[in-house]
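This report refers to the structure that appears directly beneath it.
Small disclaimer: the values here were computed from a predicted structure and weren't measured.
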Amino acid sequence: MATQQISRKVVKKLEAIATAEGVGATVRRSIGGGGLNRLDPFLMLDHFHLRPGAGFPDHPHRGQATVTYMLEGSVQHEDSVGNAGTIGAGDLQWMIAGKGIIHAEMPVHGPGLPDPVGLQLWVDLPRQHKMTQPSYQELTKKNIPNAFPEGPDGPSEIVVISGKSHGIESPVRHLGGCWYLDIKLKTKGATVFQDIPTGWTAFFYTLSGSLTVNGKAYEPFYTLVLSSGEQESGVSMTAAADNTRVVLIAGEPLNQPVVQMGPFVMNTKEGIQKTLLDYRMGKNGFERSMTWKSKIGDQ
């Protein structure tokens, strides 16, 4: 017997205000700011636009995963364990920082090239995986599977960045439950029901067009936190305008303490103190902290 489709509802709405950050960068921070500090297991979601002069030179991470999904343009990356490359529009980089990594992310600019625009999501790692070895999962656009709820010629397309949608499953594996879907509703009136595991945290971030959930329309650049009732099996959404695009992100709550200092995310103050000592002393994941320097960080 098919499971009855009972939709979640929007229980909180926050606008992600464009804010200048550093030189040349504009960021809309939907999670990780004053309005929504955290949303277990999610620590941050930034919608970034990098103009010439902007970038993220060498910096460390420990205890979380950072997920970069490009919407336009390209970004170069390089890290202390030997990974390097460039991700362009539609490409994905899923970095599990684990016990420690140092990396740089720098925009690619040039004549005729669009400014890099994308989303960066930080996901907390379960306590038992905080000190795992760092790892990368990098997929180009052509290697990220798509789901078509009404067929390839239908009005909806879902890029399955991680998790599952309409019988399609992403090859990305996270240490903990996390689904990440880029949903494109091409025509006004297009409707999709997306399953979400019961009990998981879930939210939309609206990118373009107008999205209707439970009869109410939402414009771009809003974070829409969804309810999580025991009987709610997913969420129903309808485009209120042509070319509506949103991301739907869901994760299994970790229900663990979070102590964060910038790019270091642990479960106790003692864990943060040890991380700072490890980074200064160059050990336990930060062995190259005093000697490694990226090639792209000063570009």
Side-chain angles (χ1 to χ4, degrees), residues 5-21 26-49 67 69 71 117-124 156 158-159 161-163 165 177-255 258 260:
Q5 293 183 338
I6 300 176
S7 181
R8 297 185 182 212
K9 303 172 180 63
V10 175
V11 295
K12 189 170 188 177
K13 177 186 81 169
L14 297 104
E15 185 177 7
I17 304 295
T19 303
E21 190 164 293
T26 301
V27 172
R28 296 181 183 271
R29 180 158 293 169
S30 61
I31 297 173
L36 189 59
N37 189 32
R38 298 188 185 98
L39 189 63
D40 186 16
F42 305 111
L43 303 164
M44 187 189 81
L45 179 65
D46 276 359
H47 182 189
F48 61 82
H49 182 168
V67 182
Y69 181 57
L71 303 174
V117 177
L119 300 170
Q120 186 167 94
L121 175 72
W122 287 16
V123 190
D124 197 13
S156 56
I158 301 175
V159 183
I161 299 167
S162 69
S165 180
C178 184
W179 290 12
Y180 192 155
L181 307 171
D182 178 3
I183 301 173
K184 304 172 184 179
L185 305 175
K186 302 171 190 175
T187 57
K188 182 179 179 179
T191 297
V192 168
F193 186 92
Q194 172 61 46
D195 291 338
I196 302 171
T198 302
W200 282 23
T201 301
F203 69 96
F204 286 111
Y205 178 68
T206 56
L207 289 166
S208 63
S210 179
L211 183 76
T212 298
V213 182
N214 296 111
K216 185 171 182 180
Y218 300 93
E219 303 308 309
F221 314 129
Y222 278 88
T223 303
L224 310 176
V225 180
L226 300 177
S227 58
S228 184
E230 291 183 3
Q231 304 302 316
E232 294 172 338
S233 57
V235 63
S236 180
M237 68 201 85
T238 301
D242 291 347
N243 299 314
T244 292
R245 185 179 186 183
V246 301
V247 292
L248 173 60
I249 302 175
E252 183 175 13
L254 299 177
N255 298 315
V258 176
Q260 182 173 354

Which heavy atom in [X] sits nearest to a heavy atom in [Y], and how many Å separate them?
| X | Y | value |
| --- | --- | --- |
| A202 | I196 | CB-CD1, 3.9 Å |
| G229 | T198 | O-CG2, 4.3 Å |
| R8 | S227 | CD-O, 2.8 Å |
| F193 | S233 | CZ-OG, 3.6 Å |

>> Using the rule side chain to side chain contact (heavy atoms under 4.5 Å, CB included), only one of V246, I31, L226, L248 pairs with F203; which is it?
In response: I31
> side-chain hydrogen bond (donor to acceptor under 3.5 Å, both in side chains) with Q260: which residues, sequence neighbours excluded?
Replying inline: none
Side-chain donor-acceptor pairs under 3.5 Å in residues 204-213, sequence neighbours left out?
{"unit_1": "Y205", "atom_1": "OH", "unit_2": "H47", "atom_2": "ND1", "d": "2.9"}
{"unit_1": "T206", "atom_1": "OG1", "unit_2": "E219", "atom_2": "O", "d": "2.7"}
{"unit_1": "T206", "atom_1": "OG1", "unit_2": "F221", "atom_2": "N", "d": "3.0"}
{"unit_1": "T206", "atom_1": "OG1", "unit_2": "Y222", "atom_2": "N", "d": "2.9"}
{"unit_1": "T206", "atom_1": "OG1", "unit_2": "Y222", "atom_2": "O", "d": "3.4"}
{"unit_1": "S208", "atom_1": "OG", "unit_2": "N243", "atom_2": "O", "d": "3.1"}
{"unit_1": "S208", "atom_1": "OG", "unit_2": "R245", "atom_2": "N", "d": "3.4"}
{"unit_1": "S210", "atom_1": "OG", "unit_2": "E219", "atom_2": "OE2", "d": "3.2"}

> Can you list every salt bridge (Lys or Arg N to Asp or Glu O under 4.0 Å) pair that touches residues 186-211, not counting sequence neighbours?
Replying inline: none
> T191 and S236: side-chain contact (heavy atoms from CB on, under 4.5 Å), yes or no, with the steps?
Replying inline: CA-CA 7 Å; T191 297; S236 180; 4.1 Å; yes
Do the non-hydrogen side-chain atoms of [X] and [Y] ever get within less than 4.5 Å of each other?
| X | Y | answer |
| --- | --- | --- |
| S165 | W179 | no |
| T19 | V27 | no |
| I183 | M237 | yes |

>> Please report the interatomic distance SG(C178) to CD1(I161), rounded to the nearest 0.5 Å.
In response: 9.5 Å
>> Using 0.5 Å steps for rounding, measure from the CD atom of Q194 to the CG atom of L181.
In response: 5.0 Å
> If you look only at pairs with a residue in residues 226-251, which of them pass as a ring-ring contact (aromatic ring centres under 6.0 Å, His included), with sequence neighbours excluded?
Replying inline: none
In a table with atom names and distances, give each donor-acceptor pair under 3.5 Å that connects a side chain of residues 33-42 to protein atoms at least two apart or in another chain.
{"unit_1": "D40", "atom_1": "OD1", "unit_2": "L254", "atom_2": "N", "d": "3.1"}
{"unit_1": "D40", "atom_1": "OD2", "unit_2": "L254", "atom_2": "N", "d": "3.2"}
{"unit_1": "D40", "atom_1": "OD2", "unit_2": "N255", "atom_2": "N", "d": "2.9"}

> For E21, what residues pass the salt bridge (Lys or Arg N to Asp or Glu O under 4.0 Å) criterion, not counting sequence neighbours?
Replying inline: R29
>> Assess the residue pair T223 and L45 against the criterion (side-chain contact (heavy atoms from CB on, under 4.5 Å)); give the C-alpha distance rounded to whole Å, side-chain angles, the decisive distance to 0.1 Å, and a yes or no.
In response: CA-CA 10 Å; T223 303; L45 179 65; 5.7 Å; no
